[in-house]
Peer 1: 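Next up is a structure, given as structure tokens.
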Protein chains: 2
Amino acid sequence: MARKLSTLDPQRLDNQICFAVYSAAHAFNRVYKPLLDRLSLTYPQYLVMLVLWERDDVPLKDIGERLFLDSGTLTPLLKRLEAAHLVKRTRSSEDERQVLIALTPQGHALKDKARSVPQSILAASDCSVSELVAMKDEIVALRDRLNAVIGE
Amino acid sequence: MARKLSTLDPQRLDNQICFAVYSAAHAFNRVYKPLLDRLSLTYPQYLVMLVLWERDDVPLKDIGERLFLDSGTLTPLLKRLEAAHLVKRTRSSEDERQVLIALTPQGHALKDKARSVPQSILAASDCSVSELVAMKDEIVALRDRLNAVIGE
DNA sequence: CGACATTCAATTGCGAACAATTAAATGTGA
DNA sequence: TCACATTTAATTGTTCGCAATTGAATGTCG
């Protein structure tokens, strides 16, 4: 029996889209690193700040749903952001189970300092905006199909 | 001064391809989890096994270049694979600095048990192979452009 | 040959990411 | 009302991922 050609072998690393996505995520992280170092943020912390810059004073749970992260990841991350004086964590008075995350003045102010980050990433991508938007939409659609499978 | 429309705001989370890639990587991870649990592998361990199933008895460094990972990540990971009797780690006799990674018989045998994994992922992707291949090639090209920027 | 730089793996420390569990607050139905 | 389930964050433990450092082996150049 002939062995499958490696260019078609589904078990071959370079034929797997998951590895493309996995390695691209790490490449993004490495490009972000020096940009975010100047803001003293890690990449996941930056994502949380992006959420909060859109809408402030939201429950931890909402941030988690937006970023697909749970409290096990977010609780310590938010404590670090609080230690850095970027957010405030307070129990909701209407529902004591919830923790509301609000930006501090420094947290708000950081948005301006972060304004150049997306352009730097765009430059590093070395790609037109329209191409990136098209790719982004395809990847998001794939992600949503994968997430749909997880919930059976 | 009018604020930019949110659909064009480069600082908006949902407009960023990096978040698409980041969240897709996690979605893949969650789909892989139950499949790899049956093999007692984590996803990064599975990637290492994919490399070794292609070519055996390779230096740790080569695995790292293939997966874009360094010894700080790979050394403990490979020790776990060795503890699971899937690989053997030996110092190269020609160059004592290198550690050669070889599959054990169990490590080789696992390839067959893992053969159904790519099909399951394909099914979860709910997408034609040709579309996936096209996306994969675009993502790999983007990743390579990003990595090119990192080395200045 | 011998000083020096380079290469490579291992180690340490920190920050994710997630499963599993715990505990408290809230909701629901008999 | 009261028993019970559900929701929510926090906690614990394991594994990645990477920066920075260490130490040993090898390469290079005077």
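Naming convention: chains lettered A, B, ... in sequence-line order (proteins, then strands); numbering from 1 in each chain.
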Peer 1: Under 4.0 Å between a side-chain N/O of B/Arg91 and OP1 or OP2 of C/dA9, yes or no?
Peer 2: no
Peer 1: State whether A/Lys61 places a side-chain N or O below 4.0 Å from either non-bridging phosphate oxygen (OP1 or OP2) of D/dT6.
Peer 2: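 A/Lys61 to D/dT6 OP1/OP2: no side-chain N or O under 4.0 Å.
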Peer 1: Nearest-Å distance, CG (A/Leu60) to P (D/dA10)?
Peer 2: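 Taking CG of A/Leu60 and P of D/dA10, I get 6 Å after rounding.
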Peer 1: Give the rounded distance in Å between these two atoms: NZ of B/Lys33 and P of D/dT14.
Peer 2: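 Roughly 14 Å, once rounded to whole Å.
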Peer 1: Would you say B/Arg89 reaches C/dA10's phosphate, i.e. side-chain N/O to OP1/OP2 under 4.0 Å?
Peer 2: yes
Peer 1: Check the orientation of A/Tyr46 and A/Tyr32. Use parallel for under 30°, tilted for 30 to 60°, and perpendicular for over 60°.
Peer 2: tilted
Peer 1: Between C/dG15, D/dT26, D/dA10, spot the one nearest the side chain of A/Gln45, thanks.
Peer 2: C/dG15
Peer 1: Determine the contact category for B/Leu77: base if any of its heavy atoms lies under 4.0 Å from a base atom, sugar-phosphate if only primed atoms, P, OP1 or OP2 are that close, otherwise nothing.
Peer 2: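 Touches sugar-phosphate only.
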Peer 1: Would you tell me if any nitrogen or oxygen in the side chain of B/Tyr43 comes within less than 4.0 Å of OP1 or OP2 on D/dT15?
Peer 2: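 Answer no for this pair, as no side-chain N or O of B/Tyr43 is under 4.0 Å from OP1 or OP2.
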Peer 1: When rounded to the nearest 0.5 angstrom, what distance separates CG in A/Leu142 from CZ in B/Phe28?
Peer 2: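 Rounded to the nearest 0.5 Å, the CG-CZ separation comes to 4.5 Å.
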Peer 1: Using a heavy-atom cut-off of under 4.0 Å over every strand shown, decide if A/Leu69 touches base, sugar-phosphate, or nothing.
Peer 2: sugar-phosphate
Peer 1: Remember a base hit wins even if backbone is also touched, and classify B/Thr42 as base, sugar-phosphate or nothing at under 4.0 Å, heavy atoms.
Peer 2: sugar-phosphate
Peer 1: Go through the side-chain N and O atoms of B/Ser116 and B/Gln119 and say whether any donor and acceptor fall under 3.5 Å apart.
Peer 2: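 B/Gln119 and B/Ser116 do not have a side-chain donor-acceptor pair below 3.5 Å.
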Peer 1: Would you please classify the geometry between the A/Tyr22 ring and the A/His26 ring as parallel, tilted or perpendicular, with 30° and 60° separating the classes?
Peer 2: perpendicular
